[in-house]
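Down below is the structure, laid out as C-alpha cells.
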Amino acid sequence: MSEAASIRVALADSPALLPSLAPLLHEWLPRQRWFAGKGRPVTAFSLVSATEILPVGTGPVTAGTGTGLLHLLVRVHQPATPERSPDDCYQLLLGVRSVLPPRLAPALIGRVTEGSLTGRTVYEALHDPRLAELLLERFRTPGTLGALRFDRSGPAIAAGLAPRVLDTEQSNTSLVYGDAYILKIFRRIFPGTNPDLELPLALAREGCGRVPAPVAWFEAATATEPLTLGVLQPFLSGAQDGWQLALRALAEGRNFTEEAHALGRATAEVHTALAAALPTPALHRAQTEHLAAAMVRRLEAAAQAVPELVPYVPGLRTAFDAVAALGHRARDRAAQRVHGDLHLGQTLRAADGFWSLIDFEGEPASPLPERRRPQLPVRDIAGMLRSFDYAARSHRPWNADWAARCRTAYCEGYARAAGTDPRGEPELLRAHETDKAVYEVLYEARHRPDWLPVPMAAIHRLAAADD
Ligand SMILES: Nc1ncnc2c1ncn2[C@@H]1O[C@H](COP(=O)(O)OP(=O)(O)O)[C@@H](O)[C@H]1O
Ligand SMILES: O=P(O)(O)O[C@H]1O[C@H](CO)[C@@H](O[C@H]2O[C@H](CO)[C@@H](O)[C@H](O)[C@H]2O)[C@H](O)[C@H]1O
C-alpha cells in the first residue's frame with residue numbers, strides 16, 4: 001500500500017505509540033475473527049495513521065487520567081504466500097483508560113508496559129458505549145479530524161441512541177444505534193473507495209429502494225484516493241436474513257420457492273439500477289476469453305492451497321474452456337457493476353416480505369480494483385444459486401430437490417424483472433457457479449474447515465457435469 005505512506009500521521013508523538021501497543025497487538029490481533037492473516041506469523045507492525053478522537057494523554061498515570069479514543073490504521077507485516085500479500089492494513093479503534101471498569105473486562109486488549117502509554121489499559125473502544133456514542137457524534141457534525149474525514153448525506157442523524165455491537169460472525173465489526181442505524185467499521189482497509197459505500201450511494205441516487213442508503217461515512221485522506229473506513233446506514237429493524245429463513249424452511253420441511261422468486265426479482269432490480277447508474281462496458285470476445293483464463297488461474301491457485309481440489313481440476317476446467325470457446329462464436333455482452341459476493345446471508349426480509357440486499361463489499365479476499373471491476377450479472381446469480389445448495393447441504397438429510405426448486409424459482413423471478421433468463425446462457429452460468437464453488441473451497445479451508453465438505457460436494461458434481 002504505497003499511498004498509505006502519504007496519510008498524515010495526526011498524533012504528535014505517534015512514533016512512541018507503536019512500542020507501547022505492538023506487544024499487545026501481537027497477542028490480540030491474530031485472534032480476531034476479521035483478521036485475514038491467520039496461520040502466518042506476524043513479523044512486525046507499522047503505523048499508517050494515528051488520530052486521537054478523544055485525547056489519550058501520555059506521561060505518568062494519575063488518579064484523574066480519563067478515557068481516550070485512539071483511531072489507528074496499522075500495517076501488519078507477514079510472510080507473503082503465492083495468493084496473499086505480505087502486509088495488510090487494519091483499522092483499530094482503541095479505548096485507553098488508567099483503570100478498566102469490570103463491565104468492560106471482555107473488551108480488554110491488555111495493559112501497556114512500555115513506551116508512551118505505560119501503565120494504561122487498552123481495550124476495544126466499540127464495546128464502550130460512551131466511546132461508541134462519541135463516534136456517532138462525529139457523524140452528526142461532519143468534518144475533518146486528523147487523518148479522518150466524516151461526511152453525511154440526507155437528513156440530520158438522530159442523537160443519543162444507545163449503541164450495541166452486533167455479535168454475528170462478520171468480516172468487519174458492526175454497531176447498531178438504538179435500532180435506527182447500523183455502522184459498519186471495515187477492518188481490513190484497502191486503497192480506494194469501498195464498493196460497500198460506492199454502490200449503495202449509486203443505487204440511492206438511482207432511486208433503488210432495495211439497498212439501505214448510506215446516511216454517513218468516514219474515510220482516511222490520502223494524497224491520491226480516500227480509504228473508506230466505515231458506513232452508517234438505516235437499520236432494518238425486525239428484518240430477518242435469508243440464510244436463517246432458508247434454514248428454518250428446510251427444518252420445517254417447507255419449500256422456499258416464493259422467497260427465492262422474490263429474491264430473484266430483488267436481484268434483477270438491483271442489477272438494472274446498477275447498470276443505469278454506472279458504466280456498462282462491452283465485454284468483447286477477447287475479454288470473454290480473459291474471463292475464462294482468470295477462472296482457470298483462480299482454480300489453479302486454489303488447488304495449490306487446498307490439495308483436496310487437485311483430482312477435480314481437469315473436470316472443472318471444462319466449464320471454463322466452454323466459456324473460452326464461447327468467445328469465438330458469441331455476441332458481445334455488457335459488463336456492469338454487481339454485488340460481487342451475493343448469498344442468502346446478504347439478504348434481509350422485512351416483516352412485510354420486502355427483500356433488501358446488503359454488504360456490497362464483494363469477496364473480502366480479492367483486491368479492491370478487482371472487486372470494483374464491471375462483471376457479468378450472472379456472477380451474482382451463480383452466488384445465490386450456490387447459496388441454495390449450501391443451505392440444502394447443511395441440512396440433514398440432504399434435500400437436493402429443495403435446492404433445485406429454489407433455483408428454478410429464483411431464475412424465474414430474475415427473468416420476470418430483468419427480461420433475461422440466466423439459464424439462457426448455460427455455459428456462463430455453469431462457469432460462474434464453478435468459479436464460486438472454487439472460491440468457497442478456499443474460503444472454507446481458510447476460515448471454517450468444518451464446512452469444507454459443503455463446497456466440495458458441489459465440486460464433485462460440477463467436475464462430473466461435462467455438458
Ligand atoms: N441495514 C441493516 N439492517 C439490519 N441488519 C443489518 C443491516 N446491515 C447489516 N445487517 C446485519 O449485520 C450483519 C453483518 O453485516 P454485513 O454487511 O454482512 O457485514 P460483514 O461484511 O462484516 O460480513 C448481517 O448479517 C445482517 O444481519
Ligand atoms: O458474508 P461475507 O462477506 O463475510 O462472505 C464470506 O462469508 C460467507 C459465510 O459467512 C461465505 O458464504 C458461504 O457460506 C454461506 C453460509 O454460511 C452460504 O450461504 C454462501 O453461499 C457461501 O458462499 C462467503 O462465500 C464469504 O465470501
Side-chain angles (χ1 to χ4, degrees), residues 32-36 91 164-188 194-197 199-200 204 209-215 228 230-247 250 256 263 339-351 354-366 371 379-395 403 406-407 410 432-433 435-448 450-458:
Q32 303 314 300
R33 200 236 174 209
W34 40 262
F35 182 66
Q91 174 173 209
R164 66 184 161 91
V165 178
L166 218 61
D167 65 353
T168 49
E169 290 257 298
Q170 270 193 270
S171 314
N172 300 289
T173 303
S174 293
L175 283 152
V176 176
Y177 288 96
D179 278 4
Y181 305 110
I182 181 162
L183 169 63
K184 188 197 274 198
I185 299 285
F186 297 112
R187 288 304 196 163
R188 196 162 151 220
N194 193 304
D196 206 13
L197 172 62
L199 298 187
R210 290 287 182 182
V211 175
V215 293
T228 311
V231 182
L232 186 74
Q233 291 181 335
F235 181 67
L236 305 177
S237 183
Q240 291 176 287
D241 83 68
W243 175 252
Q244 294 302 337
L245 289 169
L247 291 189
L250 273 158
F256 197 63
L263 278 168
H339 181 283
D341 190 18
L342 193 60
H343 58 83
L344 283 163
Q346 317 283 39
T347 66
L348 290 173
R349 191 183 72 181
F354 186 81
W355 285 95
S356 300
L357 306 191
I358 56 165
D359 194 2
F360 282 70
E361 234 192 317
E363 288 172 354
S366 308
R371 292 196 244 153
R379 186 177 174 80
D380 284 346
I381 294 156
M384 191 59 87
L385 298 182
R386 290 285 318 117
S387 210
F388 295 133
D389 183 61
Y390 249 75
R393 285 268 175 196
S394 61
H395 180 262
C406 286
R407 181 186 185 90
Y410 180 75
H432 280 85
E433 283 183 88
D435 186 50
K436 190 71 192 181
V438 168
Y439 163 81
E440 288 167 344
V441 166
L442 200 54
Y443 178 87
E444 302 299 5
R446 264 192 206 140
H447 298 274
R448 307 185 298 189
D450 290 355
W451 285 66
L452 194 53
V454 174
M456 281 308 295

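No hydrogens, no waters, no symmetry mates; every other heavy atom, side chains included, goes into these values. Since this is a predicted model, take the numbers as computed values, not measurements. When a ligand or atom number is given, it counts from 1 through the structure's own listing order.
- Checking only distances, D241 never comes within under 3.5 Å of ligand 1, N or O to N or O.
- Near K184, meaning under 4.0 Å from any of its heavy atoms, are these atoms of ligand 1: 16 (P), 17 (O), 19 (O), 20 (P), 21 (O).
- When only non-hydrogen protein atoms are considered, atom 1 (O) of ligand 2 lies nearest to H343 NE2, 3.2 Å.
- D359 places no side-chain N or O within 3.5 Å of a backbone atom of Q346 that could act as its donor or acceptor partner.
- Checked by distance only, ligand 1 and P212 stay at 3.5 Å or farther apart across all their nitrogen or oxygen atoms.
- Checked by atom type and distance alone, the side chain of H339 pairs as donor or acceptor with a backbone atom of I358 at under 3.5 Å.
- Polar contact with ligand 2: absent for R33 (N/O pair, distance under 3.5 Å).
- Within the listing of ligand 2, atoms 27 (O) sit less than 4.0 angstrom from a heavy atom of P364.
- Judged purely by atom type and a 3.5 angstrom limit, R393 has no side-chain atom pairing as donor or acceptor with the backbone of V454.
- Remark: ligand 1 and S171 share an N or O pair separated by less than 3.5 Å (distance only, no angle test).
- For ligand 1, the polar-atom distance check finds no N/O of D196 at less than 3.5 Å from any of the ligand's N/O atoms.
- The nearest protein atom to atom 3 (N) of ligand 1, hydrogens excluded, is given as L236 N, 2.8 Å; this is a heavy-atom distance.
- The salt bridge (Lys or Arg N to Asp or Glu O under 4.0 Å) analysis of residues 339-351, with sequence neighbours excluded, yields the pairs E259-R349, D341-K436.
- Taking 4.0 Å as the cut-off, S356 does not count as a neighbour of ligand 1 on heavy-atom distance.
- Taking the six-membered ring for Trp and thresholds of 30 and 60 degrees, F388 and F256 have ring planes more than 60 degrees apart, a perpendicular arrangement.
- Counting heavy atoms under 4.0 Å from ligand 2, residue E363 does not touch it at all.
- Looking only at protein heavy atoms, the nearest one to atom 5 (O) of ligand 2 is D341 OD2, 3.2 Å.
- S387 places a side-chain N or O within donor-acceptor distance of the main-chain N or O of L344, the cut-off being under 3.5 Å.
- Partners of R386 by side-chain hydrogen bond (donor to acceptor under 3.5 Å, both in side chains), not counting sequence neighbours, listed by chain and number: D389, E440.
- Here's the thing with Q170: one of its N/O atoms is less than 3.5 angstrom from an N/O atom of ligand 1.
- Residue T173 has no N or O atom closer than 3.5 Å to an N or O atom of ligand 1.
- By the 4.0 Å heavy-atom criterion, G345 is excluded from the residues contacting ligand 2.
- If you number the atoms of ligand 1 from 1 as listed, the ones under 4.0 Å from a heavy atom of L166 come out as 11 (C), 12 (O), 13 (C).
- Contact annotation: the side chain of Y410 approaches that of M384 to within less than 4.5 Å [non-hydrogen atoms, C-beta and beyond].
- Within the structure, the closest approach of L348 to ligand 1 falls below 4.0 Å when heavy atoms are considered.
- At least one heavy atom of Q346 lies less than 4.0 angstrom from ligand 1.
- Closest to atom 23 (O) of ligand 2 among all protein heavy atoms lies E440 OE2, 2.7 Å.
- Residue-ligand proximity, P234 to ligand 1, at heavy-atom distances under 4.0 Å covers atoms 1 (N), 2 (C).
- S387 OG, 2.6 Å is the protein heavy atom nearest to atom 19 (O) of ligand 2.
- In terms of protein heavy-atom proximity, atom 25 (O) of ligand 1 is nearest to G345 O, 4.0 Å.
- A donor-acceptor pair under 3.5 Å is formed between the side chain of R371 and the backbone N or O of E363.
- Remark: ligand 1 atoms within the under-4.0 Å shell around heavy atoms of E361 are 21 (O).
- At a heavy-atom cutoff of 4.0 Å, ligand 2 is contacted by no atom of A391, backbone or side chain.
- The protein heavy atom nearest to atom 26 (C) of ligand 1 is I358 CD1, 3.8 Å.
- Distance CZ/F360 to CG/D380: 8.0 Å, rounded to 0.5 Å.
- For the residues R448, K436, H447, the heavy atom positioned nearest atom 14 (O) of ligand 2 is part of R448.
- Remark: the R187 side chain and the T173 side chain contain an N/O donor-acceptor pair separated by less than 3.5 Å.
- Among protein heavy atoms, atom 4 (O) of ligand 2 sits closest to S171 OG, 2.6 Å.
- Residue contacts with ligand 1, taken as heavy atom pairs separated by less than 4.0 Å, involve N172 via backbone and side-chain atoms alike.
- The protein heavy atom nearest to atom 27 (O) of ligand 2 is Y439 OH, 2.5 Å.
- The shell of residues lying under 4.0 angstrom from ligand 1, judged by heavy atoms, excludes A239.
- Closest to atom 5 (N) of ligand 1, if we only count protein heavy atoms, is F235 CE1, 3.4 Å.
- By heavy-atom distance, the residue among W243, Y390, Y443 lying nearest atom 7 (O) of ligand 2 is Y443.
- Classified by interplanar angle (parallel below 30°, tilted 30° to 60°, perpendicular above 60°), the ring pair W243/W451 is tilted.
- The shortest separation from a heavy atom of M384 to ligand 2 is not under 4.0 Å, leaving the residue out of contact.
- Counting only heavy atoms from C-beta outward, the side chains of S356 and L236 approach each other to under 4.5 Å.
- Of the protein's non-hydrogen atoms, the one nearest atom 10 (N) of ligand 1 is I182 CD1, 3.6 Å.
- Residues H432 and I381 are not in side-chain contact: their nearest non-hydrogen atoms beyond the backbone lie 4.5 Å or more apart.
- Ion pairing between E361 and R188 fails under the 4.0 Å rule for side-chain N and carboxylate O.
- The nearest heavy-atom contact from the protein to atom 18 (O) of ligand 1 is D359 OD2, 3.1 Å.
- Expressed to the nearest 0.5 Å, how far CG of L175 lies from CG of L232 amounts to 9.5 Å.
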